[in-house]
Amino acid sequence: MRYKNIFFDLDDTIWAFSKNARDTFEEVYCANHFDRFFDSFDHFYTLYEQKNVELWSEYGEGKISKDELNSMRFFYPLQSVGIHDEALAKRYSADFFSIIPTKSGLMPHAKEVLEYLAPRYNLYILSNGFRELQWRKMCASGVDGYFKKLILSEDLGVMKPWPEIFHFALSATQSGLRDSLMIGDSWEADITGAKGVGMHQVFYNVTGRTEFPFHPTYHIRSLKDLINLL
């Protein structure tokens with residue numbers, strides 16, 4: 001086998017973050033009667049997502065703290081419709097964080113592929129997600145047993161795509177660069193990051209992206225493609 005160690009991103013690579021997050025927000029929206037303030041759930045969620053992308057970028061660049069990220073992204077939709085109730089924002093934020101790690105939705109074929117890979121490779125998670133959520137999400141969805149280690153950007157204080165987090169992951173797992181592979185859905189964090197340190201990459205193209213600044217080592221549109229690839 002060419003590779004011995006496989007590093008997976010978690011959110012939207014193994015665990016179905018986009019669907020699980022949307023479902024959670026819809027539960028929280030209903031529980032807090034947000035139809036008082038917004039035209040629809042889609043109205044609320046569009047406002048949240050637009051600001052969330054912007055704030056995660058600032059967080060990744062070290063411009064804001066984790067607490068500032070969470071405070072601003074949950075308060076923003078309410079502020080956008082003229083509601084400046086910080087207590088309400090904190091309540092629905094707490095509701096969100098209590099519910100989302102209990103969601104068990106996985107990306108298509110995730111379990112099947114992990115069953116195939118786990119006996120053949122050392123599997124690890126390398127994620128920018130929050131420490132208090134990621135392991136619980138893995139346990140809730142039943143994938144925790146497939147992975148030998150969970151490496152989080154919070155462990156080092158540096159996020160993908162910065163090279164330090166990839167070197168840290170290799171060191172923490174005693175993995176060699178040349179026999180390691182990074183699999184992820186984020187072009188910038190996973191693919192550009194891994195390429196930057198000379199690690200081979202598998203781009204899991206879940207959004208149908210068609211333009212690429214360089215060719216990844218491998219390009220898949222379904223996790224099931226990994227069975228033939230590896």
Side-chain angles (χ1 to χ4, degrees), residues 9-107 125-144 150-160 162 165 184-186 188-190 206-207:
D9 174 56
L10 182 62
D11 291 334
D12 280 337
T13 299
I14 296 295
W15 193 79
F17 176 82
S18 295
K19 182 181 186 308
N20 291 332
R22 186 183 178 91
D23 289 349
T24 301
F25 270 114
E26 193 154 17
E27 286 184 42
V28 172
Y29 178 94
C30 294
N32 287 278
H33 307 290
F34 276 8
D35 53 353
R36 296 173 289 166
F37 313 126
F38 299 93
D39 296 338
S40 64
F41 171 70
D42 285 341
H43 176 209
F44 160 80
Y45 198 54
T46 298
L47 290 170
Y48 169 81
E49 280 198 307
Q50 290 172 344
K51 191 66 173 178
N52 185 51
V53 170
E54 174 188 323
L55 291 171
W56 266 98
S57 178
E58 293 182 16
Y59 175 59
E61 294 169 5
K63 294 179 180 178
I64 59 174
S65 68
K66 175 181 172 180
D67 288 343
E68 288 171 324
L69 163 70
N70 285 329
S71 173
M72 289 189 284
R73 66 184 176 136
F74 286 102
F75 200 11
Y76 177 78
L78 291 169
Q79 290 176 307
S80 297
V81 293
I83 306 300
H84 301 283
D85 187 339
E86 290 190 33
L88 177 58
K90 288 179 180 178
R91 185 164 68 246
Y92 99 76
S93 170
D95 289 347
F96 175 83
F97 284 123
S98 69
I99 295 170
I100 194 164
T102 69
K103 295 293 184 182
S104 60
L106 293 170
M107 299 300 284
I125 290 291
L126 176 55
S127 170
N128 283 344
F130 297 144
R131 183 182 297 113
E132 65 272 21
L133 299 180
Q134 299 304 74
W135 182 250
R136 292 175 61 197
K137 286 153 60 172
M138 291 170 67
C139 292
S141 57
V143 299
D144 52 303
L150 168 63
I151 303 104
L152 299 172
S153 58
E154 278 193 279
D155 296 336
L156 187 64
V158 175
M159 296 176 68
K160 297 178 293 181
W162 294 100
I165 187 62
D185 71 294
S186 170
E188 181 62 28
D190 302 316
V206 298
T207 61

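Heavy-atom basis, side chains included; hydrogens, waters and symmetry copies ignored.
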Quick check: do [X] and [Y] have side-chain heavy atoms less than 4.5 Å from each other?
X    : Y   : result
D185 : F17 : no
L78  : D85 : no
E68  : L55 : no
F25  : Y92 : yes
H43  : V81 : yes
Y76  : Q50 : no
E58  : L69 : no
P77  : F34 : no

Least distance between heavy atoms, R131 atom then E154 atom: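 For R131 and E154, the tightest heavy-atom pair comes out as N-OE1, 2.6 Å.
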Closest non-hydrogen atom pair, D9 against K160: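 Scanning both residues, the minimum pair turns out to be OD1-NZ, 3.0 Å.
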Can you give the donor-acceptor pairs under 3.5 Å from side chains of residues 94-107 to other protein atoms, not counting sequence neighbours?
| unit_1 | atom_1 | unit_2 | atom_2 | d |
| --- | --- | --- | --- | --- |
| D95 | OD2 | N32 | ND2 | 3.2 |
| S98 | OG | A94 | O | 3.4 |
| S98 | OG | D95 | O | 2.8 |
| T102 | OG1 | I99 | O | 2.5 |
| K103 | NZ | E27 | OE2 | 2.4 |

Would you call the rings of [X] and [Y] parallel, tilted or perpendicular, taking 30° and 60° as the class edges?
X   : Y    : answer
Y59 : F130 : perpendicular
Y48 : Y45  : parallel
Y29 : F41  : perpendicular

Any donor-acceptor pair under 3.5 Å from D155 side chain to L152 backbone: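 Judged by distance alone, yes, a pair lies under 3.5 Å.
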Residues R22, D42: salt bridge by 4.0 Å N-O rule: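 Salt bridge present between R22 and D42.
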Rounded distance [0.5 Å steps], NZ in K51 versus OG1 in T46: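 The distance works out to 15.5 Å.
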